[in-house]
Amino acid sequence: MTSLFALVDCNNFYASCERVFDPKLEGKPIVVLSNNDGCIIARSNEAKALGIQMGEPAFKAKDVIEQHDVQVFSSNYTLYGDMSARVMQTLAQFTPNLEVYSIDEAFLDLGNFYGRDLNHYAQEMRNTVKTWTGIPVSVGIAPTKTLAKLANRLSKKSKKADGVLVLTDERHIEEALRRTEVGDVWGIGRRYAQKLAGFGIHTALDLRNASDAFVKKNMTVVGLRTVRELRGEACLDLELVAPNKQNICTSRSFGQSVSSLSELQEATANYASRCAAKLRRQKSCAGAITVFLQTNQFRDEPQYFNSKTIALPTASNSTLELLHYANLALQALYREGYKYKKSGVIVSELRPQNQVQASLLDTVDRDKHQRLMQALDKLNSAWGRDKVTCAAQGTTRPWQLKCEKKSPCYTTRLGQLLYVGVG
DNA sequence: TCTGGGGTCCTAGGACCC
DNA sequence: TCTGGGGTCCTAGGACCC
């Protein structure tokens, strides 16, 4: 039995989400900015055609944005998350074996579909997703995940492909590999691409033809897996259930630089609180908490990068407890006289919450904390994130991000209410 | 003025043990 | 004073992904 995978990828996902709800944007260049309105993280085809680069700082593209009346949006993750769920639900109609790989991509197991008209089937998926959600997608089909990724990439490049490319024929696969730069292969980043160029390996085909020993020596077993996948040998299975996270991080750059301990405490309290909520959602407790601080590396100012990790006496997912330890870590870290640009909280050594070893010296009433947290999560899930918070999280939030061009949360009731309230 | 955020996996090397 | 093998655990650093 030969394996067969489809990779379905939403085209310019964030930009497409913005466009679904505002038909006037059809045919216009659109960009979406990262948190803090810093970098460009999504572009419509029209924006790509203007030469605007992925990851480019927004200020560098200012001229071209003004000249061509590019529509600019702050990122709106509530909207994108909701649209993503709709796309995934639609795809699930086509096969029960679906792996949600990222917010805008899914792998489908088509192992039983050999002999069918795969092009036709993929077109049907495309049309259905477009009709039901308004989001355009591309489909790549091939015997391995890595080749399906590659097929998907090429399907977007050719007009003739019309958003679908099936790579099952060996001759077609070879031609596709020849036309793909090695750095565009899934799993080959900038560093490896550079290194490989030094050995005369420039295309995916060159890499496929390299020896196992060479690949293992220079790119570890991970690289070898990629090469085998390029040869059509499936090494990566579908992951039907998303594994729980082993680390959870919440961090942000500040809208403006922050110097005072009290403001950092407020920001850190918010990040710790978000981490705690994420922990409870996956029913985990953390054994350790890390706080880090960074100044602005792009400025010619005194720099300070540091982090502090505290092992918790008993693993926990209580907001109150994590807030306490985050604050201890921050106080140990904090140095006066710096202009901080970014801070964050990482919780690690995660374990299932029902397998936490209680300590004999434990002074925390864990049942009480748990009941309180359940009530908190219930309120916030009904009324919106951060409707109920701890006092330490503050209310003024001078450190908060900039997001000046955010679209309404069209798809969620509360988003609309909030928007009306704010607007 | 303005430069994202959140993850995973692998390896090498040191500390320590028998 | 010299000489091992074999194993585990931890950490830092480097690579990658979206």
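Here is the naming used below: chain letters follow the sequence lines, and residue numbers restart at 1 for every chain. These values consider heavy atoms only, across backbone and side chains, with no hydrogens, waters or symmetry-generated copies. In this text the structure is predicted, and so the values were computed from the model without any measurement.
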- Query: Do the numbers put K341(A) on top of the ring of F254(A), so that NZ or CZ is under 6.0 Å from the six-membered ring centre and no more than 45° off the axis?
  - Reply: no
- Looking only at atom types and distance, does a side-chain atom of R43(A) sit under 3.5 Å from a main-chain N or O of I52(A), one as donor and one as acceptor? yes
- So what does L33(A) hit on the nucleic acid, given a heavy-atom distance under 4.0 Å: a base, only sugar-phosphate, or nothing? nothing
- Item | Pair R281(A) + D377(A), salt bridge at N-O below 4.0 Å | no
- Give, ordered by number, those residues of residues 49-70 of chain A having at least one heavy-atom distance below 4.0 Å to an atom of DNA chain B; if nothing qualifies, reply none. P57(A), F59(A)
- Message: Side chain of N35(A) only, heavy atoms from C-beta on: which candidate in dG4(B), dT3(B), dA15(C) is closest?
- Response: dG4(B)
- When rounded to whole Å, the NZ to C1' distance for the pair K145(A) and dC17(C) reads 12 Å
- Mind checking whether D104(A) and Y14(A) have side chains closer than 4.5 Å, heavy atoms only? no
- Item | Pairing of R178(A) and E174(A) as salt bridge, 4.0 angstrom limit | yes
- Separation of dG6(B) atom C1' from R252(A) atom CZ, nearest Å, is 9 Å
- Query: What dot-bracket string describes DNA chain C from 5' to 3', counting Watson-Crick and G-U wobble pairs whose defining distances are under 3.5 Å, with [ ] for crossing pairs and | for pairs to another strand?
  - Reply: ....||||||||||||||
Distances under 3.5 Å between nitrogen or oxygen atoms of protein and nucleotides 7-11 of chain B:
{"residue": "dG7(B)", "atom": "OP2", "partner": "C249(A)", "partner atom": "N", "Å": "2.4"}
{"residue": "dG7(B)", "atom": "OP2", "partner": "C249(A)", "partner atom": "O", "Å": "3.3"}
{"residue": "dT8(B)", "atom": "OP1", "partner": "Q246(A)", "partner atom": "N", "Å": "2.9"}
{"residue": "dT8(B)", "atom": "OP2", "partner": "N247(A)", "partner atom": "ND2", "Å": "3.3"}
{"residue": "dC9(B)", "atom": "OP2", "partner": "Q246(A)", "partner atom": "NE2", "Å": "3.2"}

- Task: Using a 4.5 Å cut-off on heavy atoms from C-beta on, say whether the side chain of T146(A) contacts that of L150(A).
- Result: no
- Return no unless some side-chain N or O of R299(A) is found under 4.0 Å from OP1 or OP2 of dC2(B). yes
- Message: Could you check whether S138(A) and N152(A), counting side-chain N and O atoms only, form a donor-acceptor pair closer than 3.5 Å?
- Response: no
- Query: Which is true for V185(A) with a 4.0 Å heavy-atom rule: it touches a base, it touches only sugar-phosphate, or it touches nothing?
  - Reply: sugar-phosphate
- Strictly below 4.0 Å, heavy-atom distances to any atom of DNA chain B: list the hits from residues 311-324 of chain A, or just say none. none
- Grab the CD-P distance between E239(A) and dC17(C) for me, whole Å please. 16 Å
- Pick the nucleotide of DNA chain B nearest each of S251(A) and G38(A); which residue has the one closer to the 5' end? G38(A)
- Query: Taking atom P of dG5(B) as reference, at what distance in whole Å does atom CG of D37(A) sit?
  - Reply: 12 Å
- Query: Would you call the rings of Y340(A) and Y338(A) parallel, tilted or perpendicular if under 30° counts as parallel and over 60° as perpendicular?
  - Reply: tilted
- Item | Pairwise side-chain hydrogen bond (donor to acceptor under 3.5 Å, both in side chains) hits with a residue in residues 187-210 of chain A, at least two apart | E170(A)-R208(A), T203(A)-D206(A)
- Note on the structure: Distance col, row S74(A):OG vs E18(A):CD, nearest 0.5 angstrom, shows 9.0 Å
- Item | Atom-to-atom span, CG of L196(A) to P of dA15(C) - whole angstrom | 12 Å
- Task: Would you check if there is a donor-acceptor pair between the side chains of T250(A) and K278(A) at a distance under 3.5 Å?
- Result: yes
- Query: Does any donor atom in the side chain of Q265(A) or N327(A) lie under 3.5 Å from an acceptor atom in the other side chain?
  - Reply: yes
- Item | Atom-to-atom span, CG of L224(A) to C1' of dC16(C) - whole angstrom | 16 Å
- Note on the structure: Under a 4.0 Å heavy-atom cutoff, the residues of residues 336-346 of chain A touching DNA chain B are K341(A), K342(A)
- Message: Pairing donors with acceptors under 3.5 angstrom, does anything connect the side chains of N12(A) and K48(A)?
- Response: yes
- Spacing between Q294(A) atom CD and dG6(B) atom P, to the nearest angstrom: 12 Å
- Task: Output the distance between atom OH (Y77(A)) and atom OG (S84(A)), rounded to the nearest 0.5 Å.
- Result: 13.0 Å
- Message: Please report the distance, rounded to the nearest Å, between CZ in R191(A) and P in dA15(C).
- Response: 4 Å
- Message: If I pick the P atom on dT3(B) and the same atom on dC18(C), what distance separates them, to the nearest angstrom?
- Response: 25 Å
- Do we see a donor-acceptor contact under 3.5 Å between the side chains of N36(A) and S253(A)? no
- Ignoring hydrogens and geometry, is there a side-chain-to-backbone donor-acceptor pair from S318(A) to E321(A) under 3.5 Å? yes
- For dT3(B), does OP1 or OP2 lie under 4.0 Å from any side-chain N or O of S34(A)? no
- In R274(A), R280(A), H324(A), the residue satisfying side-chain hydrogen bond (donor to acceptor under 3.5 Å, both in side chains) with T319(A) is R280(A)
